[in-house]
Amino acid sequence: MAEIHPSARKHGISDDDITHAIDHALAIDDLDDDARLYIGPGRNAAPLEILTIVSPYGTEIAIHAMRMRPRYARLLRGY
């Protein structure tokens, strides 16, 4: 389970929805600079995008969470 930084709550996504989206991710994309993007459902099944930072020790901190934007739909194609 990822730690949740206060910045991840900026768009009104609850901690429970952030955790649910990470735990039930439909797509995971490792980005540059130790960042990881999760696309997963909130508890109401709405698709969310969650951005985490991965530490050198493997722990993660969620720093961004919001409803999934259309540009990430490409990650779900074929799912």
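This one's a predicted model, so the numbers in the text were calculated from it and none came from an experiment. When a residue number appears, it is its place in the shown sequence, counting from 1.
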**Request:** Taking S7 for its side chain and I63 for its backbone only, find out whether a donor-acceptor pair lies under 3.5 Å.
**Result:** yes

**Request:** Measure the spacing between CZ of R69 and CD of E49 and express it to the nearest 0.5 Å.
**Result:** 4.0 Å

**Item:** Closest contact, heavy atoms only, A65 versus A8
**Value:** CB-O, 3.4 Å

**Item:** In one Ile/Leu/Val/Met/Phe/Trp/Tyr side-chain cluster, 4.5 Å: Y72, L51
**Value:** yes

**Prompt:** Same cluster or not: are I39 and I13 linked, directly or through other Ile, Leu, Val, Met, Phe, Trp or Tyr residues, by side-chain heavy atoms under 4.5 angstrom apart?
**Reply:** no

**Message:** Rounded at 0.5 Å granularity, tell me how far CD1 in I61 sits from CG in D34.
**Reply:** 11.5 Å

**Worked verdict on I50 versus M66 for side chain to side chain contact (heavy atoms under 4.5 Å, CB included)** = CA-CA 7 Å; I50 312 294; M66 66 182 291; over 6 Å; no

**Request:** Report yes if the side chains of L37 and L75 come closer than 4.5 Å at any heavy-atom pair, otherwise no.
**Result:** yes

**Message:** Between H64 and H5, is the ring centroid distance below 6.0 Å?
**Reply:** no

**Asked** Where do A21 and L48 come nearest, in terms of heavy atoms and distance?
**Response** CB-CD1, 4.1 Å

**Prompt:** Yes or no on side chain to side chain contact (heavy atoms under 4.5 Å, CB included) for E3 and T59, after CA distance, side-chain angles and deciding distance?
**Reply:** CA-CA 8 Å; E3 180 182 334; T59 58; over 6 Å; no

**Message:** Looking at R43, I want to see if its CZ is surrounded by more than 12 non-hydrogen atoms of other residues, nucleotides or ligands under 6.0 Å.
**Reply:** yes

**Prompt:** If you look at every heavy atom in A62 and A2, which pair is closest and at what distance?
**Reply:** N-CB, 4.3 Å

**Prompt:** Do L31 and I53 sit in the same hydrophobic cluster, where Ile, Leu, Val, Met, Phe, Trp and Tyr count as joined when their side-chain heavy atoms come under 4.5 Å apart?
**Reply:** yes

**Message:** Grouping I, L, V, M, F, W and Y whenever their side-chain heavy atoms are under 4.5 Å apart, do I28 and M68 come out in a common cluster?
**Reply:** no

**Request:** Answer yes or no: is there a donor N or O on one side and an acceptor on the other, between the side chain of N44 and the main chain of A46, under 3.5 Å?
**Result:** yes

**Distance (rounded to the nearest 0.5 Å) between D16 CG and D23 CG** = 10.5 Å

**Prompt:** What distance do H24 atom NE2 and L26 atom CG have between them, rounded to the nearest 0.5 Å?
**Reply:** 10.0 Å

**Asked** Which value, rounded to the nearest 0.5 Å, describes the distance between E60 atom CD and I4 atom CD1?
**Response** 11.5 Å

